[in-house]
Amino acid sequence: MDRKLIYVDHAATTYIKPEVLEAMKPYLTELYGNPSSIYYLGRESKKAIDEARSQIARCLGAQPQEIYFTGSGTEADNWAIKGAAYANRKKGRHIITSAIEHHAVLEPVEFLRREGFEVTYLPVDQNGFVNPADLEKAIRPDTILVSIMYANNEIGTIQPIKELAGIAKNKGVIFHTDAVQAMGNIRVNVMDLGVDLLSMSAHKFYGPKGVGCLYVRKGVQLEGFMHGGAQERKKRAGTENVSGIVGMAAALKLAYENIDRYNEHLRKLSSRLIDKVFERIPHVRLNGDRHKRLPGNVNFSFEFIEGESLLLMLDMKGVQASSGSACTSGSLDPSHVLLAIGLPHEIAHGSLRITFGEKNTEEDVDYIVDCLEEIVAKLRQMSPLYEDFVKRNKG
Amino acid sequence: MADIIYFDNSATTKVYPEVMNEMNRIYSSVFGNPSSLHRLGNEAEKILTESREIIAETLRVSPNEIFFTSGGTESNNWAIKGIARANKKRGKHIITSAAEHPSVLECFNYLISEGFSAEISGTDQSGLLDIESFIEKINDDTVLASFILVNNETGAIQKAEELIAAIRAKNKKTAIHIDAVQAYGKIPLNLKKLDADIVSISAHKIHGPKGCGALYIKENTRIIPILHGGGQENKYRSGTENVPAIWGFATAAKIIHENIEINRNKVKRLKSIVISELDKYFGSGGYFVNSPEDSYEGILNISFPNVKAQVLMQHLEAESIIVSTGSACSSRKNVQSHVLTAMNLPRERTEGAIRISFSGMNTEDEALRFTEALKSIVPKIRYR
C-alpha cells in the first residue's frame, strides 16, 4: 500500500539536507586522516574542523576559540551544567533552572542535587514563560549557575533570554541556555544575548546526528568533559567526528542564510493549522503563546482524548507527529511541561505536537486537519468522559 | 593522493566502501529519531537494535550489555569515572599501567582531584604489565583495575586471561576494565571466556566512521551514567542516537570480523617483509625493533640509530608514505613516548621511534615500496 507520508516531527529530528551530506562525504571517504596527525591527511582534517569552527562562530557572533564540538546536544547540556557546577563549587552550590527544561538539562541538575548541590526550579506562567522578576529573586550569594532554555521543545515558547541573561550577569552568575530547538529557527547571536554558555545540536537543523556544540564565553570557568588527548583545547578529548562537524557547519550556514524565508514558510503553515483546527474541532486548546513561539511549532490539547491513541491513528494515516518530547515518548507520564503550565492531568494526556519543516505544504496542513477532525470525533465517540460531558450539557 | 601508502591505521582508518554505502543509505532514507513512536521512528529503532546485536555477537555477549558512545575516548572516560564514582563508598583505590592511552591516564589524573588514590603500575621491557607487581598493589579498597589489551604504540598484547585471573584471586570485587580500542577486530575477543567487566571499543579504528564507539558493560556492573537526559541506552547514555554512524560501525564490525584471520595473516606477512628487507639492508644493530615478540603484527614500532623520527616521517611523507611517531593523540606535542619510556628503552631508540600500523587493506607491494624508501632516506638523514 502506497500511503501518504507526512513528517511533522521536526522538533524530534530532521532529515539531512543533500548539500550537507555532500559536504560531509569527502571526510567519510578520501580525506580520512586523524586531525591530530601532522601529515597531509591529518592537516586536511584539521583544516576542515578549523573552518567549521570559524563558520559556526561567525553565525553565532562568537570567537572560534569559544566553540567546542561535542557528540550531541545532550552532551553539550550535560557538559555545560556539570562542568560549570564542578568548576565553581568552591564559590557556591546553588543552581537555578526552570520547570520546563528538556530532560538533558533537568536530569544533570537532578544528578547534581543528589551530589549535594541545591536547586531552585523557577515556575512558568500559563504560556510557559519564566518571569524575570522570579529569577532576580531566586539568585542568592551562593548561586553559581542559571540554565534556562531558549525555546521550548514541546510548546515552542521563546523565553526573554536577553533579559534573563542580563539579570544573571549583573549578579555575576554564569548563564547557560539550551538553544537546541531555537537554532535554525532564530538568528541566535551570543554577543547580543549576553549568554555565557549555549548548547546546540546539528540534527535539529538538517544536519547529521551525533554532533553538537557548546559555546563557552571566553573566561567562563568550565571543567573539561572528556579527558585524554589534547583535542578541543584539552576540554573534550577524543578523535574528532570530522564529517559530522563539517556537516553541522554546512547545515548551520544554510539555516542562517534562509532563516527569514524559512520562518515565513513555517509561520504560514502553523497559522493555517491553528485557524482550521479551531474552526472545525471543538474543545481544543493551543498550548503556549500564540505569537512568541517557534514558528513551526503547534501544540494542541484535545479534551476527552488519549494522546497515544490519537498519535497511533494519525500514524496509520501517514502523519508522523508526536505527543511531546521524543526522548520521553515511551513513557506514560504526562508531559512535565504541560503540567507546569497548569494543565490538569487528563487534558495534558490528550496533547499533540506538530512541528513543521521545510518540505511541508499547505496541502499537508489540510490533510492533517481532515485526519484530526475524523479521528478526534471517532475517539470522542468511544470516550465515556465525553459521553458524560455531552449528557451534562444537555441536562 | 591516489598513490598514498597509508601505514597509520592505528591513528585512524579509511572507511570501508561498503560502510560508506550503507551510511549513505541510512543518511538518505532513515532519518527518524529512534525514540519517536511513529513509523519513521520505528525504522530507526530497528536499525539501532540490529546494530547492537551485530556488535554483541562480535564480542560474544548479550545485546543489552552494549552501549553506544561517541568514540573510544568517551568509552574510556565513562568506564573509568563511571566505575570509580559508583563504587567510591566501597573504596577509592584505582590502578592501571604506565603504557595506557592518554584517555585512560588522564582520567586517572582527573580522579586524583576527586580524592581517589590512583596508582600507575610499571611495565617490563616488552611493554607488558609486570603482573606480579600489579597484583601486589591491589588491596581491599581497589575498585577498578584498567589495562590496555593491544598497546597502540608497540602492539604488545597483554596476557589478559592470566592477569584477570590474578586480579580476581586478589580482590574479587575489583571491577576490571579493558581498553580494547586497538584490539577489537584485530585479534579475537571472546568476552564469554575473557572475564572482564567493562570493555571499550571504537569504530574508526576498524574502517568505520569517526564519532562512534561502544562500551560493553557486563550485566549487574555498578556504574553511573555518563550522560543524563532523555534516557536513551537504557538510561545510561542519554542523547539522540547517531543512527547512521552506529549502523556504519556495525557494518564495519561485521566485515572486519568475517576477515579477522585473513587480515591477521596479511599484516603478519607485511611485517615479515618489512623486517626481512630491513635485516638484509641495515643488518642487526642497524635498526631496532621496539615492538616485543608475539605482539600484534599490525603494529610495528622501529627506530634507526642517529635518526630523528620527525625527520624520517617528513621524508617518507614526501614520498607519499604515511607512518607516525606514536599515538596520534599526542603527536602534536613532540615529546618522548611515555610507552617507550616506560619500557626503559634508551633515548636513542625512543627519539627515533616510528610506528608503522598496517591494515588488511594494505598490500605487499606497499610494504616493499616502503622499505625501498627507507633504504634511500635513512643514510641521508643520520645526524652522526
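Chain A is the first sequence line, chain B the second, and so forth, proteins listed ahead of strands; every chain is numbered from 1. These values consider heavy atoms only, across backbone and side chains, with no hydrogens, waters or symmetry-generated copies.
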Check whether any side-chain heavy atom of B/Ser28 lies under 4.5 Å from a side-chain heavy atom of A/Leu21, and answer yes or no. yes
Relative to chain A, which segment of B/Gln314 carries a heavy atom at a distance below 4.5 Å: side chain, backbone, both, or neither? neither
Using 0.5 Å steps for rounding, measure from the OG1 atom of A/Thr74 to the CG atom of B/Leu227. 7.0 Å
Short side-chain to backbone donor-acceptor contact, B/Lys14 and A/Gly33, under 3.5 Å: no
Side-chain heavy atoms of B/Gln310 within contact of A/Ile38, under 4.5 Å: yes
Non-neighbouring partners of A/Thr14 that pass side chain to side chain contact (heavy atoms under 4.5 Å, CB included), sequence neighbours left out: A/His10, A/Tyr206
Please rank B/Ile322, B/Ile80, B/Thr13, B/Val15 by heavy-atom pairs under 4.5 Å with chain A and give me the top one. B/Ile322
Please round to the nearest 0.5 Å and tell me the distance separating atom CD of B/Glu317 and atom OG of A/Ser37. 10.0 Å
Nearest 0.5 Å please: distance from the OH atom of B/Tyr110 over to the CD atom of A/Glu223. 3.5 Å
Among A/Phe225, A/Trp79, A/Tyr86, which has the most heavy-atom pairs under 4.5 Å with chain B? A/Phe225
Looking only at heavy atoms and a cut-off of under 4.5 Å, which of A/Glu110, A/Met24, A/Lys25 has the most pairs with chain B? A/Lys25
Distance-only, no hydrogens or angles: does the B/Asn33 side chain make a donor-acceptor pair with backbone N or O of A/Thr13 under 3.5 Å? no
Quick one: does B/Ile226's side chain get under 4.5 Å of A/Met226's, heavy atoms only? yes
Are A/Leu28 and B/Val19 packed together at the side-chain level, in the sense that at least one heavy-atom pair is separated by less than 4.5 angstrom? no
Quick one: does A/Lys234's side chain get under 4.5 Å of B/Glu106's, heavy atoms only? no
Hey, are A/Glu115 and B/Arg85 close enough for a salt bridge, meaning a charged N less than 4.0 Å from a carboxylate O? no
Apply salt bridge (Lys or Arg N to Asp or Glu O under 4.0 Å) to B/Glu45 and list each qualifying residue two or more places apart in sequence or on a separate chain. none
Donor-acceptor pair, A/Gln320 side chain versus B/Leu40 backbone, under 3.5 Å? yes
Could you tell me which of A/Glu75, A/His227, A/Glu107 has the largest number of non-hydrogen atom pairs under 4.5 Å with chain B? A/His227
Contact origin within B/Asn242 toward chain A - heavy atom pairs under 4.5 Å: both
Taking the ring centre of each residue, are B/Tyr27 and A/Tyr15 less than 6.0 Å apart? no
Please state whether the side chain, the backbone, both or neither of A/Tyr39 comes within less than 4.5 Å of a heavy atom of chain B. both
To check you understand the geometry: which heavy-atom pair defines the closest contact between A/Gly229 and B/Pro102, and what is its length? N-CB, 4.1 Å
If you apply the rule side-chain contact (heavy atoms from CB on, under 4.5 Å), what do you find for A/Leu41 with B/Ile4, and how did you get there? CA-CA 10 Å; A/Leu41 271 180; B/Ile4 201 168; 3.9 Å; yes
For chain A, which of B/His38, B/Met23, B/Lys210, B/Glu74 has the most heavy-atom pairs under 4.5 Å? B/His38
Working to the nearest 0.5 angstrom, can you tell me the gap between A/Ser323 OG and B/Leu37 CG? 6.5 Å
Mind checking whether B/Ser70 and A/Asn241 have side chains closer than 4.5 Å, heavy atoms only? no
Between OG of B/Ser103 and CD of A/Gln231, what distance do you get to the nearest 0.5 Å? 9.0 Å
